[in-house]
Amino acid sequence: MEMHLYNTDGRESQVFKPIQEGKAGLYCCGPTVYNYAHIGNMRPYTIQDVLKRALTYFGYDVTHVMNITDVGHLTDDGDEGEDKMIKAAREKGMSVWDIARFFEDAFWKDLERLNISRPTVSCRATDHIEDMIGMVKTLEEKGYTYISGGNVYFDTSKFPEYGKMALLDRQELKEGARVGVDDNKRNYSDFVLWFTNSKFENQAMVWDSPWGKGYPGWHIECSAMSTKYLGKQFDIHCGGIDHVPIHHTNEIAQSEAANGCRWVNYWVHNEFLLMKTGKMSKSKGNFLTVQSLVDEGYDALDYRYLLLGGHYRSQLVFSWESLDAARSARESLVRKVKALLQEGEADRELGDKAQAYMNAFEEHLADDLNTPRCLADMWSLLKDKELSSSQKLALLFRMDSLLGLNLEESAGAEEETAELDGDVEALIDERNQARKEKNFARSDEIRDELLARGIRIVDTPQGTTWEKV
RNA sequence: GGCGCCGUACCCAAGCGGCUAAGGGAGUGGAUUGCAAAUCCAUGAUUCAGCGGUUCGAGUCCGCUCGGCGCCUCCA
């Protein structure tokens with residue numbers, strides 16, 4: 001199956017053609033670990049996970065690389081502002097190194113809860129300082145840099161295609177409109193490759209370099225690490241749409257200047273998750289974390305379902321109402337799987353009819369990851385009266401291996417924990433006895449009591465069972 | 001000021017020129033139940049913000065108007 005991806009570079013949907021037959025190199029910008037990731041941050045990782053599953057399913061051997069930015073970055077542009085890592089360290093009374101590990105661990109935990117598979121390679125910026133220095137040296141040798149105010153800058157005027165992907169040439173940027181202008185720059189769009197003139201206190205993260213003690217610029221890490229693990233040219237680069245004009249633009253300039261060739265073939269950018277009050281961001285304080293959703297009683301997978309319910313290139317406004325809707329839908333799917341499972345196991349092979357469903361699903365998935373249609377496909381197969389339960393299960397599990405809602409595991413998980421509480425069984429027996437004696441006051445009392453303990457009674461013609469709420 | 005996106009039923013949301021406008025949630029009616037829950041069945045836009053235009057044909061293309069959002073700053 002051919003995959004179609006919307007390529008920001010060219011602004012059109014294109015057929016994915018790998019550089020190397022049967023392989024796909026995928027680089028995704030990872031988190032800066034100075035704070036908890038918020039649920040908006042999790043949107044790209046979720047869609048990238050689906051992309052990776054899809055590529056793998058369609059027969060590509062995927063190498064997925066993600067960086068962990070554990071080097072301090074500024075809270076503002078230029079030389080202003082405070083280093084995020086240092087700020088966090090001061091506030092938490094921890095070293096910057098500990099801060100980085102702490103939030104990196106929290107990040108992996110969030111990914112796990114969202115059923116996002118780990119990248120093939122995850123690389124910390126602090127472990128790759130030499131690679132970055134090497135790339136800056138190459139750029140210097142090729143004449144793309146200048147030193148000013150102690151920092152090494154990339155001279156964007158030396159790179160004629162600067163801003164091509166972002167279509168920057170069409171825009172009249174309002175220079176200095178909201179940020180002070182860095183007088184050390186020759187051109188507005190120039191950016192720092194290596195800092196040596198830091199004014200920060202507590203510079204724990206400093207490395208020796210040909211230009212003096214300092215630390216790398218904001219954009220060089222992705223270029224250096226992606227080149228190291230995926231080569232000078234690779235297939236797909238993912239990230240948030242906000243990265244288009246600055247971060248990815250600078251990455252392209254650096255990488256293509258240093259490597260002397262085209263760098264990335266497909267740029268896949270996800271749109272933002274918004275709050276009703278506007279963009280979700282740490283600085284605005286209007287953000288939620290996966291943990292805060294869990295604290296409110298949601299399953300992290302409810303949020304995954306919510307994300308899958310909209311297309312990744314559309315803005316999505318988060319609301320508790322839509323999360324409720326996603327939870328209802330997801331729980332319903334899990335219940336249906338559970339019911340089907342009681343009728344038997346999933347077939348190993350898909351029959352003709354089931355295959356038609358799978359084909360449609362694959363087509364929608366391959367159509368620039370149209371996950372809303374994929375979910376609709378799941379629902380429509382469930383309604384099919386001519387399809388056997390075992391075929392339905394086979395389809396659902398196959399589809400879910402691409403969407404990652406963990407339906408099979410969720411349907412089974414309740415059974416296991418169910419066995420643990422012995423007195424739950426006793427209460428149910430007591431309730432059934434009460435019902436037999438038409439003592440409904442007592443039976444309803446027990447039902448309420450169990451519900452308070454997170455257990456919902458389900459009366460069926462075959463008898464009484466229960467499930468976790 | 002410049003660039004870009006969006007406006008589809010009560011809510012979320014597909015749709016990218018052509019069969020009866022996906023799907024989910026909520027609601028309503030019915031079956032089932034001691035009552036619930038769950039489940040099953042049924043039910044929803046002559047219409048896609050508005051107005052013009054192109055076309056045999058437009059939610060889908062073009063223009064304008066109104067409304068919302070994002071970017072131009074580190075940001076997912």
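Within every chain, numbering begins at 1; the chains are lettered A, B, ... in the order of the sequence lines, protein sequences first and strands thereafter.
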Trainee: Using whole Å, report how far CG of Asn250(A) lies from C1' of C75(B).
Mentor: 14 Å
Trainee: Between Tyr27(A) and Phe234(A), what is the ring plane arrangement, given parallel below 30°, perpendicular above 60°, and tilted in between?
Mentor: tilted
Trainee: Work out how far the P atom of U39(B) is from that of A49(B), and round it to whole angstrom.
Mentor: 34 Å
Trainee: When rounded to the nearest Å, what value does the distance between P atoms of U33(B) and G18(B) take?
Mentor: 49 Å
Trainee: What interatomic distance, in whole Å, is found between C1' of C40(B) and the corresponding atom of A45(B)?
Mentor: 26 Å
Trainee: Parallel, tilted or perpendicular for His237(A) and Trp267(A), by the 30°/60° rule?
Mentor: parallel
Trainee: Report the distance from atom CG of Leu308(A) to atom P of A13(B), rounded to the nearest whole Å.
Mentor: 14 Å
Trainee: Using the C1' atoms only, state how far C3(B) lies from G15(B), rounded to an integer number of Å.
Mentor: 26 Å
Trainee: When we call it a touch if two heavy atoms are under 4.0 Å apart, what does Lys436(A) touch: a base, just sugar-phosphate, or nothing?
Mentor: nothing
Trainee: What is the base-pairing partner of C69(B), counting Watson-Crick and G-U wobble geometry with both distances under 3.5 Å?
Mentor: G4(B)
Trainee: Within the structure, does a side-chain N or O atom of Asn370(A) lie under 4.0 Å from either OP1 or OP2 of G15(B)?
Mentor: yes
Trainee: Between Asp49(A) and Arg53(A), is the closest basic N to carboxylate O distance under 4.0 Å?
Mentor: yes
Trainee: Take atom CG of Leu167(A) and atom C1' of G2(B), then tell me their distance rounded to the nearest Å.
Mentor: 13 Å
Trainee: More 5' along RNA chain B: Gly309(A) or Asp242(A), using each one's nearest nucleotide?
Mentor: Gly309(A)
Trainee: Which base, if any, makes a Watson-Crick or G-U wobble pair with A38(B), both distances under 3.5 Å?
Mentor: none
Trainee: Below 3.5 Å, does any donor atom in the side chain of Lys279(A) face an acceptor in the base of C75(B), or the other way round?
Mentor: yes
Trainee: Could you say whether Met280(A) or Ser380(A) is positioned toward the 5' end of RNA chain B, judged by the nucleotide with the nearest heavy atom to each?
Mentor: Ser380(A)
Trainee: Is a side-chain donor-acceptor pair under 3.5 Å present for Arg442(A) with Gln433(A)?
Mentor: no
Trainee: State which of C74(B), G70(B), A76(B) makes the closest approach to the side chain of Gln315(A).
Mentor: G70(B)
Trainee: Roughly how many Å is it from CZ in Arg304(A) to C1' in G24(B), rounded to a whole number?
Mentor: 18 Å
Trainee: Could you check which of C71(B), G24(B), C74(B) has an atom nearest any side-chain atom of Pro245(A)?
Mentor: C71(B)
Trainee: Given the ring of Phe440(A), does Arg435(A) sit roughly above its face, with NZ or CZ under 6.0 Å from the centre of the six-membered ring and within 45° of the axis?
Mentor: no
Trainee: Does the structure show a Watson-Crick or G-U wobble partner for U43(B), both distances under 3.5 Å? Name it, or say none.
Mentor: G27(B)
Trainee: Provide, to the nearest angstrom, the distance between the CD atom belonging to Glu271(A) and the C1' atom belonging to C71(B).
Mentor: 9 Å
Trainee: Please check if any side-chain donor atom of His219(A) sits under 3.5 Å from a side-chain acceptor atom of His248(A), or the reverse.
Mentor: no
Trainee: Given the P atoms of C61(B) and C16(B), what is the spacing between them in whole Å?
Mentor: 10 Å
Trainee: At under 4.0 Å between heavy atoms, what does Ser314(A) touch on the DNA or RNA strands: base, sugar-phosphate, or nothing?
Mentor: sugar-phosphate
Trainee: For atom C1', what is the distance between C12(B) and U46(B), given to the nearest Å?
Mentor: 24 Å
Trainee: Taking it one step at a time, do Tyr305(A) and Tyr298(A) satisfy ring pair (Phe, Tyr, Trp, His ring centres under 6.0 Å)?
Mentor: CA-CA 12 Å; Tyr305(A) 188 99; Tyr298(A) 295 91; over 10 Å; no
Trainee: Just wondering, are more than 12 heavy atoms of other shown residues or ligands nearer than 6.0 Å to NZ in Lys353(A)?
Mentor: yes
Trainee: Any side-chain N or O of His243(A) below 4.0 angstrom from OP1/OP2 of C75(B)?
Mentor: yes
Trainee: How would you summarise protein contacts on nucleotides 25-40 of chain B per nucleotide, using B for base, S for sugar-phosphate only and - for none, with heavy-atom distances below 4.0 Å?
Mentor: SS-------BBBBSSS
Trainee: Checking all strands, does Gly310(A) fall into the base, sugar-phosphate, or nothing category for heavy-atom contacts under 4.0 angstrom?
Mentor: sugar-phosphate
Trainee: Using purine N1 to pyrimidine N3 plus N6-O4 or O6-N4 for Watson-Crick, or N1-O2 and O6-N3 for G-U wobble, both under 3.5 Å, which nucleotide pairs with A58(B)?
Mentor: none
Trainee: If I take atom CG in residue Leu382(A) and atom C1' in nucleotide A22(B), what distance separates them, rounded to the nearest angstrom?
Mentor: 15 Å
Trainee: Write down the distance separating the P atoms in C72(B) and A76(B), rounded off to the nearest Å.
Mentor: 13 Å
Trainee: Among pairs that include at least one residue of residues 355-387 of chain A, which meet ring pair (Phe, Tyr, Trp, His ring centres under 6.0 Å), considering only residues two or more places apart or in two chains?
Mentor: none
Trainee: Does G63(B) have a Watson-Crick or wobble mate here (both distances under 3.5 Å), and if so which one?
Mentor: C51(B)
Trainee: Any base atoms under 4.0 Å from Leu274(A), or only sugar-phosphate, or nothing? Heavy atoms, all strands.
Mentor: sugar-phosphate
Trainee: Using purine N1 to pyrimidine N3 plus N6-O4 or O6-N4 for Watson-Crick, or N1-O2 and O6-N3 for G-U wobble, each under 3.5 Å, what pairs with A9(B)?
Mentor: none
Trainee: Could you tell me the separation between the CH2 atom of Trp267(A) and the P atom of A76(B), rounded to a whole number of Å?
Mentor: 16 Å
Trainee: When the C1' atoms of U60(B) and A22(B) are considered, how many whole Å apart are they?
Mentor: 15 Å
Trainee: Ignoring backbone atoms, establish whether Lys276(A) has a side-chain N or O less than 4.0 Å from OP1 or OP2 of C11(B).
Mentor: no
Trainee: Take atom CD of Glu112(A) as the centre, draw a 6.0 Å sphere, and report whether it contains more than 12 heavy atoms from other residues, nucleotides or ligands.
Mentor: no
Trainee: Just how far, in rounded Å, is C1' of U8(B) from NE2 of His311(A)?
Mentor: 17 Å
